[in-house]
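The structure appears right after this line, and notes come after that.
Every chain is numbered from 1 and lettered A, B, ... according to where its sequence line falls, protein lines coming before strand lines. We use all heavy atoms of the structure for the numbers below, so side chains are in, but hydrogens, waters and symmetry mates are not.
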Amino acid sequence: MSNEVFDLKKTVNLPKTDFAQKANLGQSEPARLKKWEEMGLYEKIAEVRKGREKFILHDGPPYANADIHIGTALNKILKDFVVKSRSMMGYDAPYVPGYDCHGLPIENYVERKLKEKGKNKDDIPTNTFRRICREHASTAMNNQTRDFKRLGILGEWETPYLTMSNEYEAETARLFGIYVERGFVYRGARPVYWDVYDQTALAEAEVEYADVVSPSVYVKFLLKSDPALIDEKLAGKNVKCVIWTTTPWTLPANLGISVNPRFDYSAIEVGDEVLLIATELVVSVAEKAGFDATKEIVRFKGEKLDKLEAQHPWLDRVSLIMLGDHVTLGDDSADDDGKKSGKTAGTGLVHTAPGHGTDDFYIGQRHGLPAYCPVNAKGVFTEEVEHFAGEFVFKANPKIVEFMRDNGSLLFHEDYTHRYPHGWRSHKPVIYRATPQWFIAMDNQGDKSLRAQALREVENVKWHPAWGEGRMANMIKGRPDWCVSRQRVWGVPIIAFHCTSCEHCVIDAKLIYHVADIFAAETADAWYNREASELLPDGYKCQECGNGEFTKETDILDVWFDSGSSSVAVLETRGDTLHFPADVYLEGGDQYRGWFNSSLMCGIAAHDRAPYKQIVTHGWVVDGEGKKQSKSLGNVTSPHEIIDRSGAEIMRLWAAAVDYTEDVRCSDEILSRVTDAYRKFRNTARYMLGNLDGFDPAAQSVAEAEMLEIDRWALASLNEVTKTVLDGYKNFDFQASYSALYHFCTVTLSARYLDILKDRLYIYAPTSLERRSAQTGLYKLTDSLCRLLAPMLAFTSDEAWENLPGQQVASVHLAEFPAVSEADNSELLARWERIYGIRDEVLKALEAARGEKVIGSSLEAKVILSVDKDTTMFLLDYYPQLRYIFIVSQVEVHEADSLGIKIEKADGEKCERCWNYSVRVGEFEKYPTVCERCIEALSELEKAAAA
RNA sequence: GCAUCAAUAGAUCAAAUUGGUAGAGCAAACGGUCGAUAACCGUUAGGCUUCAGGCUCAAAUCCUGAUUGAUGCACCA
């Protein structure tokens, strides 16, 4: 045995690890991403999980137009939680990201850019324009990919699906062919904004509002139906419906009058006429028109007017009265600046021209009225319009007013200033005009109709949250036929041909498949590069007239059709990687109307079933006060800023910590709390790693039966959290997983277990059972913690994983979640809950003693516990360890009637090595400043040094 | 305007399927420690559960209405 005297400080086993306290995420994250890329982590995971059951999250494609915002980041992070957690559950969980590349916002962007260079869209060939759109989408997509990768999201980033790729465009076209084949597609008319100067359809976004003066006219329509149907008192009277409009030129297209079923209407006798006007508006109309409105014959609900017929004021045509909730009382709308117009106008009976208004169109559609539009592309009345054929509509306005004044149908006319839509290029007033459009019918094919099937499928999908089912069902019930045509160029063309001779429109699934094959080779640009004859099979002839010459349809498909077809265009075109249907779609709540809806239709068209088994939706990111983030309010949080300042890991943890099913707040305070939590996770892991320095789990672990009870308690607690955490992942309730882990780290580990363990780890000889038992526990805890945190803290858990001794697996993301033991530990857990209850009381007493300056450090204390008999018996088993559990130097337990805790100054002297107080300090010759426990440890150390 | 969802300490979340007197850690304040140190431990103080009604012995929880917020749809003829 050596006579050398140890430097006591050096015999204490202090923690040591390369896992730094400071995360330095700004640098460490990119370094780790690089490492993952170099080792091919995503591919390795796929390899390891090969042959396992699949779990497919199908990515809803973000729009490839701009940089990502915080909402996009939240969406992708949540998806990554799903993919990583399912993979760690043992599933083969691939992630193929996608991008939505076609559509109007990109067209608009490109047009704007062209304009800046003094060029016009119409001056360049369509395919040049499409090429620029394609380039723009590519650029945006590349930027987004860079940002998504930076967030630590693993997936097939080198081969994402693009709705503008040749394969995808071909699949989109083919799917349209399937709709055609199944008889869902029809050609109809629908009103759209129409610029009569540019002679083009305009999208909502291309319309600007400006004040104009319009003729405001009140017009009388003779009730043709028997007035007695409304009320006996009206029998035989000359009853007239009064309507109001500011667009007299739409009157030739009037096919109906809409009333609100819930409003009151009055029948007012004026001279030899009885006028029908909404009760609430009678006074204002009478004032304007200057008649005496005191003679109300009867008052009745609008529903009484249902399906009665009126006579057009000058045409030999019936105008159908229809019930609609869109009918409002007067003009109570607010202007853009938020001020009420204060004007009263209207009669509660609304002139309805289905060819000239969206509302008119939908109500007309429900009542079987056509979208009648006797106005041509130049805004000129067609031949069929009596009296006004060949007139430009805005010029016809005063003439129509005069005409009605002459024939007595005009009740009143005035000038009226209001906001009216204008073309953003022409800056001239636009009109609403029905034009030929392509529709997908919701209700034909009977039992196999899209609506009927969709409603059935909705019940087979599992919705998170559960109210999603009702919301989706409502959407499907209420949605009109799907208008899939757009008068644009950046998209997938609708494959139809028009015979140049008889104008017959050819829409044929076989032709569509033929052209789709060409798209597959050349992209949809082929539609614009080739002549119709080069797209049709050789010698194709019109079936109506035998003519062989055709022109191409110019409309393209709605972008929702593009993305909606992803279930077939992606899930079924990636070999063994993916399959239809997907297990889950996870998107923002706006997608009930959008992608969930269009995908459902497409899934049904292709396979008669929903393309997803589960739907998870998340809310929107709002500011710290719950307000919507917007550029004008300046409350926008940029993901780049968060990443640069705090790291992607903080954003991931934020996504995990909040309740994403509702609107999610994001503010500096919230992020600062999340950062605190991050530090807690990190420091907890670091401390455990530090105490595992040099530990060889394979050789030095202690069998569970031989472990100290508190170490077994820690493992039993771990098992409980593991259950909770795995349940959370399984149910997409990441917050539950996060909370459980956070509570485990702060309370179970940091405040209790690790604090108590400190003495044992530092003081006992490295090879002692006491220390090895603790390390065995710590090893299992750290290993499990890394795995359980991995989906959320993708970077940090992997970093900790690398620092775990004896590591065989190259990344935590290749590992699986720890198994849950079914062993019943409830008694063990309950015993320790009781101990911690007593400990909490002791800690309070210690704090009081500290306040009175009896002690500073708790090791300066002796605790004298008075407890009841039962507790005395209970504590008997723990008597020797109580001082370590309480982190004091001495504990006495006395039986008493009630609980009492007395704190005294500990007996003896402070041991220089372990800082505990002991009366035996000074007894030992070689180390006179040390206690009996340290002497033992030191002799062990001496033995080891000699060997 | 219509539909859906929500509202609990400063912030983030709990409070069971079936109503039973609201909890946690964090932050704050104060203290300890100086062997996890840009760490660690403790103590204390924070809530008319958005508001107003109702059912009930009993309501954060159920019902009605309002307010606020978010999203979707529609609308300004």
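- Nucleic acid contact class of A:Ala677 (heavy atoms, under 4.0 Å, all strands): none.
- Here B:G46 is in the syn range [glycosidic angle within 90° of 0].
- If you find the closest nucleotide of RNA chain B to A:Val658 and to A:Gln21, the one lying nearer the 5' end belongs to A:Val658.
- Taking atom CG of A:Asp676 as the reference point, atom P of B:C13 lies 16 Å away to the nearest angstrom.
- A straight line from CG of A:Leu8 to P of B:G35 spans 14 Å, rounded to a whole angstrom.
- Between A:Trp620 atom CH2 and B:A7 atom P the separation is 20 Å, expressed in whole Å.
- Computed from coordinates, the A:Leu761 CG to B:C40 P distance equals 17 Å when rounded to whole Å.
- For the pair A:Arg682 and A:Phe19, the cation-pi test (distance below 6.0 Å, angle within 45°) is passed.
- Look at A:Ser750 and you'll find a side-chain N or O under 4.0 angstrom from OP1 or OP2 of B:C41.
- Within 4.0 Å of A:Lys627, counting heavy atoms only, lie sugar-phosphate atoms of the nucleic acid but no base atom.
- Among the atoms of the strands shown, only primed sugar atoms or phosphate atoms (P, OP1, OP2) are found under 4.0 Å from some heavy atom of A:Arg850.
- For A:Ser857 and B:U33, the shortest distance from a side-chain N or O to OP1 or OP2 is not below 4.0 Å.
- Within 4.0 Å (heavy atoms only), A:Gly357 reaches no atom of the nucleic acid at all.
- The shortest side-chain heavy-atom distance between A:Ser889 and A:Trp915 does not fall under the 4.5 Å cut-off.
- Pairing analysis of RNA chain B (Watson-Crick: purine N1 to pyrimidine N3 plus N6-O4 or O6-N4; G-U wobble: N1-O2 and O6-N3; both under 3.5 Å) yields stems of 3 or more pairs at B:1-7 with B:67-73, B:28-32 with B:40-44, B:50-54 with B:62-66.
- As rounded to the nearest Å, B:U61 and B:U17 have P atoms that lie 14 Å from one another.
- When the options A:Leu843, A:Leu846, A:Ile838, A:Ile756 are evaluated for a side chain to side chain contact (heavy atoms under 4.5 Å, CB included) with A:Phe886, the one that passes is A:Ile838.
- Residue A:Tyr762 places at least one side-chain N or O under 4.0 Å from the OP1 or OP2 atom of B:A36.
- Distances shorter than 4.0 Å separate some side-chain N or O of A:Lys680 from OP1 or OP2 on B:C41.
- At a threshold of 4.0 angstrom between heavy atoms, the contacts of A:Arg479 with the nucleic acid are absent.
- Relative orientation of the A:Trp467 and A:Tyr592 rings is tilted, given thresholds of 30° and 60° on the angle between their planes.
- OP1 or OP2 of B:G69 has not a single side-chain nitrogen or oxygen of A:Lys628 nearer than 4.0 Å.
- On the P atoms, B:A3 is 27 Å away from B:U18, given to the nearest whole Å.
- Glycosidic torsion of B:C48 falls within 90° of 0, placing the base in syn.
- Rounded to an integer number of Å, the gap from A:Glu625 CD to B:U50 P is 18 Å.
- Rounded to whole Å, the distance from CG on A:Asn260 to C1' on B:A74 is 14 Å.
- Considering only side-chain N and O atoms, A:Arg752 lies nowhere under 4.0 angstrom from the phosphate OP1 or OP2 of B:G42.
- Among the atoms of the strands shown, none is found under 4.0 Å from any heavy atom of A:Ala848.
- Rounded to whole Å, the C1' atom of B:C63 lies 22 Å from the corresponding atom of B:A22.
- Residues A:Leu938 and A:Phe6 form a side-chain contact, since some pair of their non-hydrogen atoms from C-beta on lies under 4.5 Å apart.
- For the pair A:Ile756 CD1 and B:G35 P, the interatomic distance rounds to 20 Å; values are reported in whole Å.
- Residue contacts for A:Gly626: at a heavy-atom cut-off of 4.0 Å it reaches the sugar-phosphate backbone alone, with no base atom in range.
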For this session: Let me see the working for A:Asn75 and A:His618 under side chain to side chain donor-acceptor pair (under 3.5 Å), right down to the final yes or no.
Result: CA-CA 8 Å; A:Asn75 175 263; A:His618 58 81; 3.0 Å; yes
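- Distances shorter than 4.0 Å separate some side-chain N or O of A:Gln735 from OP1 or OP2 on B:A14.
- Residue contacts shown for A:Asn691 are absent, as no nucleic acid heavy atom lies under 4.0 Å away.
- Nearer the 5' end of RNA chain B, as judged by each residue's closest nucleotide, is the contact made by A:Lys853, out of A:Lys853 and A:Trp915.
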